[in-house]
Protein chains: 2
Amino acid sequence: MAIKVLLNEDEIPRQWYNIAADLPSPMLPPLGPDGKPISPDMLAPVFPMNLIEQEVSQERWIDIPEEILEILYRWRPSPLHRAKFLEEALGTPAKIYYKNESVSPAGSHKTNTSVAQAWYNKQFGIEKITTETGAGQWGSALSFACALLGLECKIFMVRISFDQKPFRKVMMQVWDGNCVASPSRETNAGREILEKFPDTPGSLGIAISEAIEQAVTDESGKTRYSLGSVLNHVLLHQTIIGLEAKKQLDKIGEKKVDVVIGCAGGGSNFAGLSFPFVLDKINGAEIDVIPVEPYSCPTMTKGPFAYDHGDVAKMTPLLPMFSLGHDFIPPPIHAGGLRYHGMAPLVSQLAVEGLITPRAIHQLECYEAAVMFARTEGIICAPETSHAIAAAIQEAKKAKEEGEEKVILFNLSGHGLMDLQGYSSFFDGKLKDYELPQEEIDRALKAIEGLPVPEISKTGKW
Amino acid sequence: MAIKVLLNEDEIPRQWYNIAADLPSPMLPPLGPDGKPISPDMLAPVFPMNLIEQEVSQERWIDIPEEILEILYRWRPSPLHRAKFLEEALGTPAKIYYKNESVSPAGSHKTNTSVAQAWYNKQFGIEKITTETGAGQWGSALSFACALLGLECKIFMVRISFDQKPFRKVMMQVWDGNCVASPSRETNAGREILEKFPDTPGSLGIAISEAIEQAVTDESGKTRYSLGSVLNHVLLHQTIIGLEAKKQLDKIGEKKVDVVIGCAGGGSNFAGLSFPFVLDKINGAEIDVIPVEPYSCPTMTKGPFAYDHGDVAKMTPLLPMFSLGHDFIPPPIHAGGLRYHGMAPLVSQLAVEGLITPRAIHQLECYEAAVMFARTEGIICAPETSHAIAAAIQEAKKAKEEGEEKVILFNLSGHGLMDLQGYSSFFDGKLKDYELPQEEIDRALKAIEGLPVPEISKTGKW
């Protein structure tokens, strides 16, 4: 049969891979409000020091603590599947593999880092973690991790999602997560907004401000903030995905992968699968590595590499990344997890170096791909994940045209059982593709005017 | 670590176990409307002959066709987990294991039989399968199987569920299942009801009538009907669960299981896990085998062993089973899959023989168990499954009191991500336990008055 490849308990990777050690040119540092590089201790009120150390680490391999492995082992190593039935439906000579992260109890790859972050916080003596969530995927994953490790978890959920997706809140509640609509009356940031705009639908920017405020103002010093993507240590924790995939391909004698694909919002699931393969590429292998973003939020395909804030409220340091400007509000596509103006600095840097090749795909093509996948491979994927599937299908069709037996690998980052509204709208013909006029992008990019500009962006060489 | 036991590809069971071959006394036959045993060919318009042969087979072991295994292998063998963190929370000396059927793409054990049934129908030249669904679990599983095997699937979904749970319908739609609210205008049965009661919320009984009518009246002869529980061949397909569990326990040197538990509505997930262990019991092993039903639908704990119809509309043959009467309407608990008036004849017969010991548990205790399980083991279970967890916790506490290191095994039959409304009501304090007065049971049992009575029920020995 061989359509699924498992790893045994003793084959689970015991180290994460830190690509910061292998970048052709050094990473640019994050900058403070004064334009100067920020030091690790400036982040100490926000994150525990052990995670800050990971954030700035240049070590290539970082040991995964045994206690984290014990939790991950409940659903990891995740299966690697051969998409034989999709291949047959496409009539392609290509071999398509996918790494199935949907088997996590919270339904996506997010638990790989939520468990690690909760564990490091606990090690550092932290008792409560705050975070924000948009569609609810990250809030669920962090609640799950905090429940298993006995930490308190507070989630500020963008009000419009809180109201539209009541079951995400229930999911967090089952895992003892305390989820409130943002803006809330619990923080200064929230109260100020509510006074001015009592009926605001909220935004991720406001929710981040609330979560950070609640962490840094806790006088006990036992509260920290947690982020589900973008940052170096988050991407690091996800590399277990790609490391497992390499072992699994090895196990079935698949020596060479030609194309590696992941959808990219903040960048973490893409990074998790692809970074170990990018290492091979740095060492000379020929691999196409493709982060896929929505056509309507084309951070890497249309945005510049710039210094920008991670959030609307400009609470975060300036990060060196592709960005459409921190004010950019993407059209209302259903892949909420990909509606982010920026991109992880590590992923951004790989694009600048030419090691990865970003691609943008329209929403309707992605839903068509998701439905085809469900009807051949049997799994209903998340709207975000459908972008990776659509790109894999594009590559498989190209292989057919060119008569090449390529090996394609993509990340099935999550299932879509909590996001069936999007499928419903798709079947009802209510979804459309959004063109994004250049003027609109130019307008959004005004937000980064006056901010420091990375040297490499001035040369325009990339 | 050893908190999860996997099987390799070559260890997947290649035969189902048919307990009909090992019953201490022979099965009673189903009866027709005339009170006489019905013959296999009388079922031919409803089911394909290859499944009817399985229904009446006395062979102990039945080969699983390779093509069915190839599909099951996408998520099977399912993991066996040690519930170490639940054990710690309970402070019990007992070892608790659970078989994780929630990893199926449709979220429950139901796909084990939907795939097999769809495959046998296809082998027999059938092109379309009709069925009914209440909460939607079975309709989803059958749509999934039909999508993968290229069959048409038509689902009549009880109108009130159709309206209350729109996402179940979308799930079926993603798998190309055609789900309509029942009563519908597509059948005589449906139209008749709608004329009399245009605003009816529908019932499982009506939906069954519509599904059977559409199957038997298709003039092409290419349509058959499918049932998701109760029948012998359905239970047979589920035995892969228990056969895998035995191999997994063997693999870690766990020689003796003391208690085997499954929730029981129609009986199929309970049967699937327990029948291979009941065989050991028949051969002399000491094992407590416990089907768990809701206190508010106490089919086996309060109902008689009788001949009764499987549906309200009396379309099905008379089955020898525990029943509360085919008119019985249980209180509105959230475990919709357990709100069934009858019980699979094979499960019923084992109870009559004293080989299994039914237990009833109240709804609130089940939700408490489910929440404890989610916060220790990490998985949000289906409301039905919570009954098995509650019984496992009862047994683990008993082992603690008695200071015995018992080995407890239960079936985690499905996840609850599509059923979070019940958890929400539980947290909001809106759920209650329902006592079921004896008079109400007596009233419902009037429906079986005048029907044939099994000899053994007259003796009152069981």
Contacting region of A:M171 [heavy-atom separation from chain B under 4.5 Å]: both
Neighbour count above 12 (heavy atom, 6.0 Å) for B:E365 CD: yes
Proximal component of A:R76, with respect to chain B [non-hydrogen, under 4.5 Å]: backbone
Exceeds 12 heavy-atom contacts within 6.0 angstrom, atom CD of B:E254: yes
When A:R74, A:Q421, A:Q173 are compared by non-hydrogen pairs under 4.5 Å with chain B, the top option: A:R74
Most contacts with chain B, counted as non-hydrogen pairs under 4.5 angstrom, among A:N8, A:L420, A:V371: A:L420
Residue selection (most heavy-atom pairs with chain B, distance under 4.5 Å) from A:L417, A:I379, A:V103, A:L6: A:L417
Heavy-atom pair count under 4.5 Å with chain B, highest-scoring of A:A374, A:P105, A:G378: A:G378
Heavy-atom contact with chain B under 4.5 Å, split by part of A:T376: backbone
Region of A:L7 in contact with chain B, defined by heavy-atom distances below 4.5 Å: backbone
Max heavy-atom pair count under 4.5 Å with chain B, selected residue of A:H81, A:E377, A:H415, A:K169: A:E377
Separation of A:S143 OG from B:R375 CZ (nearest 0.5 Å): 10.0 Å
Closest-packed option against chain A by number of heavy-atom pairs under 4.5 Å, given B:F426, B:W75, B:F85, B:Y423: B:F85
Rounded distance [0.5 Å steps], CD in B:E70 versus NZ in A:K84: 5.5 Å
